[in-house]
Amino acid sequence: MPAIVVVGGQWGDEGKGRIVDHLAKQAQVVVRYSGGNNAGHTVINDGGTFDLHLVPAGIFYPSVRSVIGNGVVVDPESLLQEMQMLEDRGVSLEGLVISDRAHLVMPYHKTLDRLQEQSWGDWSIGSTMRGIGPAYTDKAARLGIRMAELLDEEAFRDRLAFVLAEKNRLLTQMYGEAPLDFEEVFSRYWSLGQRLARYIKPTERLVQEAAAAQRTIVLEGAQGTLLDPDYGTYPYVTSSHPTAGGAATGSGLAPTQIDRVMGVFKAYCTRVGDGPLPTELHNEIGERLRTLAHEYGVTTGRPRRCGWFDGVIGRYSVQINGMTAVALTRLDILDTFSEIGIGVAYELDGQRLDYPPSNVAEMERCRPIYETAPGWLTPITACRRFEDLPPAAQQYVTRLEQVLGCPVALISVGPQREEIIVRQAVL
Ligand code: IMP
């Protein structure tokens with residue numbers, strides 16, 4: 001029945017949407033398990049380029065059930081906009097299902113995200129301002145509102161009255177903002193809920209039934225391992241678990257039912273938002289990577305910080321997630337570089353480190369120790385087999401496998417669906 005997690009190995013934006021799209025054609029169920037509409041997954045197919053934020057990348061295959069799992073926080077307005085965009089472009093939403101346990105992103109979450117970022121000054125984290133942190137805060141604080149309540153008028157009214165009174169105290173007394181009007185929030189969200197009602201279901205049951213029937217299940221991660229609140233560069237992280245552990249709690253599948261973990265890594269490194277990025281290149285090479293790869297956030301349009309592949313966090317990611325295979329994306333972006341750096345260790349205050357320190361102040365002081373690999377200076381987008389790649393590109397991939405301690409099964413060599421090298425069957 002294979003169940004496979006697709007997890008970001010770096011700081012997000014590794015190209016997970018594209019890899020999920022590749023695997024979904026062999027799957028019956030795709031479950032998004034964490035994050036919210038802070039994520040941006042780009043899928044390019046016959047219908048053009050699609051930027052997804054909440055809808056799983058399985059949606060393009062009509063026979064796939066595309067599940068927004070309980071680990072996701074859902075901004076219903078943003079989800080409906082995305083659904084409308086898909087329908088307008090001829091994509092059927094028949095396969096879409098939303099967990100009734102998923103938490104809602106409410107208007108005060110977005111307001112609080114902005115107010116917090118403004119008041120935190122030097123400690124602001126560069127949030128996408130989609131209200132994701134405050135929504136997960138409320139989930140953990142037992143102050144959240146879930147999809148299930150959105151379907152029950154009385155329960156929703158009662159719950160919102162209690163929660164909004166708390167939030168209005170925070171908004172007015174701590175931040176000096178105007179309070180939100182109960183009737184306005186209630187009627188807006190109730191009508192959004194009515195439009196979503198037919199998609200809202202107990203999805204853990206659907207997922208368990210699929211597992212019992214030996215179906216192939218793809219668990220779609222959002223963000224990346226280094227944005228995980230436990231294993232990432234805390235506090236410069238997101239608020240749910242992008243790591244493979246989060247795939248079980250966020251989807252309804254048990255850890256023992258997951259048998260494969262595919263880590264997705266870009267052939268170089270990027271990060272959007274604040275926090276350490278040891279291999280960041282503040283020079284013409286970083287600029288060139290950004291321009292060649294158009295490294296701007298799908299969700300916010302912010303320029304991404306760019307640098308060489310970081311093998312230290314890569315190896316750590318492989319271990320933390322128990323990766324069984326790696327998908328290496330955007331290898332073609334390196335086509336025109338005569339020399340390519342690979343970060344193989346860090347130097348921290350004169351000591352060599354093989355793992356990322358947990359203290360963020362130390363992580364900020366880490367300097368990468370590089371190996372230099374020769375470039376291939378040839379376009380590789382037409383290659384479909386590993387043996388078709390120029391020798392220097394093959395050597396680069398083989399060296400990354402050694403550094404990561406995990407086989408590279410898929411290599412993307414261009415943005416189109418078919419521009420991928422399958423070295424090893426994944427499903
Ligand atoms: P938040 O989760 O929107 O509050 O953002 C927290 C941090 O995670 C910020 O640095 C964001 O830029 C980053 N982040 C959140 N979602 C993504 C993503 O999908 N890709 C890359 N970075 C992300």
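A quick note: this is a predicted structure, and the numbers were derived from the prediction, not measured.
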_Between Arg399 and Glu371, does any NZ, NE, NH1 or NH2 come within less than 4.0 Å of an OD or OE carboxylate oxygen?_
yes

Checklist entry - According to the interplanar angle, ranging from 0 to 90°, do the rings of Phe182 and Phe186 count as parallel (below 30°), tilted (30 to 60°) or perpendicular (above 60°)? => result parallel

Of Ile340, Thr336, Leu389, the one forming a side chain to side chain contact (heavy atoms under 4.5 Å, CB included) with Trp376 is Ile340

**Prompt:** Do the side-chain N and O atoms of Asn321 and Thr225 include a donor-acceptor pair separated by under 3.5 angstrom?
**Reply:** yes

*Evaluate the criterion side-chain contact (heavy atoms from CB on, under 4.5 Å) for residue pair Tyr370 and Val344; output intermediate values, then yes/no.*
CA-CA 6 Å; Tyr370 285 119; Val344 290; over 6 Å; no

Minimal heavy-atom distance between Gly17 and His41, with the atoms involved, is CA-CB, 4.0 Å

Please determine whether the number of non-hydrogen atoms from other residues, nucleotides or ligands lying under 6.0 Å from atom CD of Gln351 exceeds 12. no

Here the pair of heavy atoms bringing Gly414 nearest to Thr381 is CA-CG2, 4.1 Å

Would Arg365 and Asp349 pass as an ion pair if we require N to O under 4.0 Å?
yes

**Study point:** Pairwise side-chain contact, Val67 with Lys201, heavy-atom cut-off 4.5 Å (strictly under)
**Key:** no

| query | With a 4.0 Å cut-off, would you call Asp113 and Lys110 a salt bridge? | reply | no

- Message: Go through it in stages, so that I can follow the logic: the residues are Asp13 and Arg304, the test is salt bridge (charged side-chain N to carboxylate O under 4.0 Å, His left out), and I'd like the CA-CA distance, side-chain angles, deciding distance and then a yes or no.
- Response: CA-CA 9 Å; Asp13 309 316; Arg304 295 183 184 137; 3.2 Å; yes

**Item:** Steps toward side chain to side chain donor-acceptor pair (under 3.5 Å) verdict (Asp310, Tyr346)
**Value:** CA-CA 9 Å; Asp310 183 338; Tyr346 295 152; 2.5 Å; yes

Parallel under 30°, tilted from 30 to 60°, perpendicular over 60°: which one fits the rings of Trp308 and Phe337? perpendicular

One should read off an interatomic distance between Glu77 CD and Leu79 CG, to the nearest 0.5 angstrom, of 11.0 Å

Closest non-hydrogen atoms of Arg18 and Ser412, given as atom of the first, atom of the second and distance, are NH1-CB, 3.3 Å

Is Tyr355 atom OH crowded by more than 12 heavy atoms from other residues, nucleotides or ligands, each under 6.0 Å away?
-> no

Minimal heavy-atom distance between Val312 and Pro356, with the atoms involved, is CG1-N, 3.8 Å

Heavy-atom closest pair (Ala254 atom, Ala248 atom, distance to 0.1 Å) is C-CB, 4.3 Å

For the aromatic rings, using the six-membered ring if either is Trp, is the centroid distance between Phe309 and Tyr396 under 6.0 Å? no

Would you mind reporting whether Arg146 and Leu104 have side-chain heavy atoms less than 4.5 Å apart?
no

Open item on the list: Strictly below 4.0 Å, N to O, side chains only: are Arg384 and Glu418 in salt-bridge contact?
Closed with: no

(message) Side chains of His109 and Asp138, heavy atoms from C-beta outward: is any pair under 4.5 Å?
(response) yes

Legend entry - Check ion pair Arg290-Glu287 (N to O, under 4.0 angstrom): yes

- Query: Salt bridge or not for Glu280 and Arg305, using N-O below 4.0 Å?
  - Reply: yes

For this session: Kindly assign one of parallel, tilted or perpendicular to the pair Trp123 and Tyr236, based on the angle between their ring planes and the thresholds 30° and 60°.
Result: parallel

As a quick check of understanding, evaluate side-chain contact (heavy atoms from CB on, under 4.5 Å) for Thr238 and Tyr136, giving each step before the final call. CA-CA 10 Å; Thr238 192; Tyr136 281 112; 5.8 Å; no

Requested in this report: Could you check Arg169 against Glu166 for side-chain contact (heavy atoms from CB on, under 4.5 Å), going step by step and ending with a plain yes or no?
Outcome: CA-CA 5 Å; Arg169 269 199 293 281; Glu166 285 276 317; 2.9 Å; yes

Can a salt bridge be assigned to the pair Glu295 and Arg271 using a cut-off of 4.0 Å between side-chain N and carboxylate O? no

